[in-house]
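We're numbering straight along the sequence, starting at 1. Just follow the structure's listing: the first ligand is 1, and inside any ligand the first atom is 1.
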Amino acid sequence: MAQNDQTWHLDTLLIHGGRDQDRSTSSGTPTISPIYASTTYLHKNVEALDEAFSGTGADGRPAFVYARQTNPNANALETVLAQAEGGVGAVAFSSGMAAVHAALLASGLAQGTKIVISQDLYGPTFSQLKKLFAPNNVQIVISDLCHEGAADFIREEEPDVVYVETISNPLVKVIDLDAISAAAREVGAVTIVDSTFTTPYLVRPLEHGFDMVVHSTTKYVSGHGDSTGGVVISKKNVLLDQLRSHALLLGAMLSPFESHLQIRGLRTLPLRMEKHSSNALQVARFLQEHPAIERVHYPGLPEHPQHELASRLLKPGLYGGLLSFELKEQTREAAMCCMNKLQLCLPATSLGDVFSLVSYPPVSSHRTLSNEERHGMGITDGCIRLSVGIEHVEDIIKDLDQALQKR
Ligand SMILES: Cc1ncc(COP(=O)(O)O)c(C=O)c1O
C-alpha cells in the first residue's frame with residue numbers, strides 16, 4: 001500500500017513510506033492514510049474473500065479480512081519497518097513484550113531446545129523465558145555476551161536460539177552483532193536481537209547476520225510517550241510465516257490507531273535520533289566532570305569499554321540517547337534523593353520519548369532481581385539510568401546539576 005522507491009534514503013522512506021498515496025486513480029486523495037477502524041472487510045464475492053484470507057488479493061496488493069489478522073494501518077507500519085531494516089517482512093504487535101513472545105515462538109523454542117541469552121536482557125524478557133518457556137523444558141543459558149569470548153561460548157553451547165539486545169540496560173554495553181551471528185550460524189542457531197535502543201536509524205542488525213529484529217515501538221519509534229506497540233522484522237520468509245501464524249493465534253495485533261501514531265513517529269525518527277544522540281553525548285561529558293559522579297556509562301565516550309565497537313557498528317558519530325551514571329554516594333537513598341530533586345527530567349518508567357526520563361533499575365527494570373544478582377551484573381545502588389530527551393541540552397544539564405548538589 002505504501003509507495004515504494006528502492007532508491008530512497010532511509011530518512012525519505014520513513015517520511016513517505018506507509019502513505020496511501022495513489023493519486024493516479026482518484027483526485028482528492030488524503031496525504032495521510034485514514035485510520036481504518038473496521039473490524040471486518042467486504043469483498044466483491046466469496047471467492048475474493050476466500051483469496052483475501054491468504055493476506056494477498058488477486059491484484060497482488062495486501063487484502064484484509066478481519067482485524068485480528070491485520071489492518072491497513074498496521075500493514076503500512078510493517079511495510080515501512082521491514083524496508084527500513086532490510087527484512088522480507090514484519091509483523092506488528094500490541095506491545096514490545098508481545099513481539100518478544102512471538103519472536104521466541106517463531107524461532108522454534110520448544111521442549112528440549114536450548115537458548116543462549118545475554119545476562120543483561122530487559123527484565124520482563126528474561127521473566128517471560130523463565131515463566132513461559134522454562135517450564136516446557138526449554139534450557140536457558142545466561143552469559144555476558146559482551147565479552148570477547150562470547151562467540152566461542154556460543155560455539156561450545158551449540159544452542160538452538162541466541163537472543164541479545166544491541167545495547168544493554170542500564171549499563172549500555174554493546175553487543176558485537178557480527179561475531180555473535182557468525183558463531184550462531186556455525187551451530188545452526190536462530191538469532192534474535194532486540195534493537196529497541198538503537199532503531200534502524202543507528203544500526204540494521206539483519207545486515208550483521210541476524211535472523212529477526214525486535215523493537216518495542218513504544219520507545220523511539222513512537223517517540224512521544226503516547227503509543228504502545230512492538231514489531232518483529234524477519235530476514236527469512238519461513239520465520240515470517242511463523243510470526244504471522246503465531247500473531248493470529250496470540251491475538252495481540254496492533255490497533256489501527258496505534259499503528260497510525262507509530263507511523264507518524266517514524267517520520268521524525270531520524271531527526272530525533274540525531275538530537276537524542278548529540279544531547280546524550282553532551283550530558284555524558286558534563287556528568288563525567290561532575291564531583292558527585294563516580295562513573296558514567298555511555299558508548300559515545302572514548303572511555304567506554306566498547307566505544308570502538310559502537311563506533312564501527314552504529315551510524316557514524318551517533319551513540320543513542322541512553323546512558324547511566326553512578327553517584328559517588330552509592331546508596332539507594334542518595335539515588336532516590338537525586339531523582340526526587342529533578343524538575344525537568346521525569347522519573348517515569350520508559351525510554352526513547354522526547355522527554356528526558358530517569359529510572360532507578362532496582363525499582364524498575366531490575367526489580368525482580370536480588371541485590372546480589374544486580375551487583376553481580378555491575379549495577380550498583382547508586383546507578384541511575386537516563387533516557388536523554390530532545391529538550392535544549394542546557395536545560396537538561398541545569399536540571400541534573402541542581403539535583404546533584406549536596407543534600
Ligand atoms: C529493550 C526492551 N525490550 C522490550 C521492552 C518491552 O516493550 P513494551 O513495554 O512495549 O512491552 C522494553 C520495555 O521497556 C525494553 O526496554
Is the gap between the ring centers of F93 and H101 under 6.0 Å?
-> no

Between the main-chain N or O of C345 and the side-chain N or O of S356, is there a donor-acceptor pair closer than 3.5 Å?
-> no

Do the rings of W8 and H16 sit parallel, tilted or perpendicular, given the 30° and 60° boundaries?
-> tilted

Of all residues at least two apart in sequence or in a different chain, which pass the side-chain hydrogen bond (donor to acceptor under 3.5 Å, both in side chains) check with Q119?
-> none

So, K341 and D399, do they make that salt bridge, N to O below 4.0 Å?
-> no

Hey, would you say the H147 and F153 ring centroids sit under 6.0 Å apart?
-> no

List, pair by pair, the atoms of ligand 1 and of the protein that are both N or O and lie under 3.5 Å apart, giving the separation rounded to 0.1 Å.
residue: ligand 1; atom: 3 (N); partner: D194; partner atom: OD2; Å: 2.6
residue: ligand 1; atom: 7 (O); partner: S216; partner atom: OG; Å: 3.0
residue: ligand 1; atom: 10 (O); partner: G96; partner atom: N; Å: 2.9
residue: ligand 1; atom: 10 (O); partner: S216; partner atom: OG; Å: 2.8
residue: ligand 1; atom: 10 (O); partner: T218; partner atom: OG1; Å: 2.6
residue: ligand 1; atom: 11 (O); partner: G96; partner atom: N; Å: 3.0
residue: ligand 1; atom: 11 (O); partner: M97; partner atom: N; Å: 2.9
residue: ligand 1; atom: 14 (O); partner: Y122; partner atom: OH; Å: 3.4
residue: ligand 1; atom: 14 (O); partner: K219; partner atom: NZ; Å: 3.0

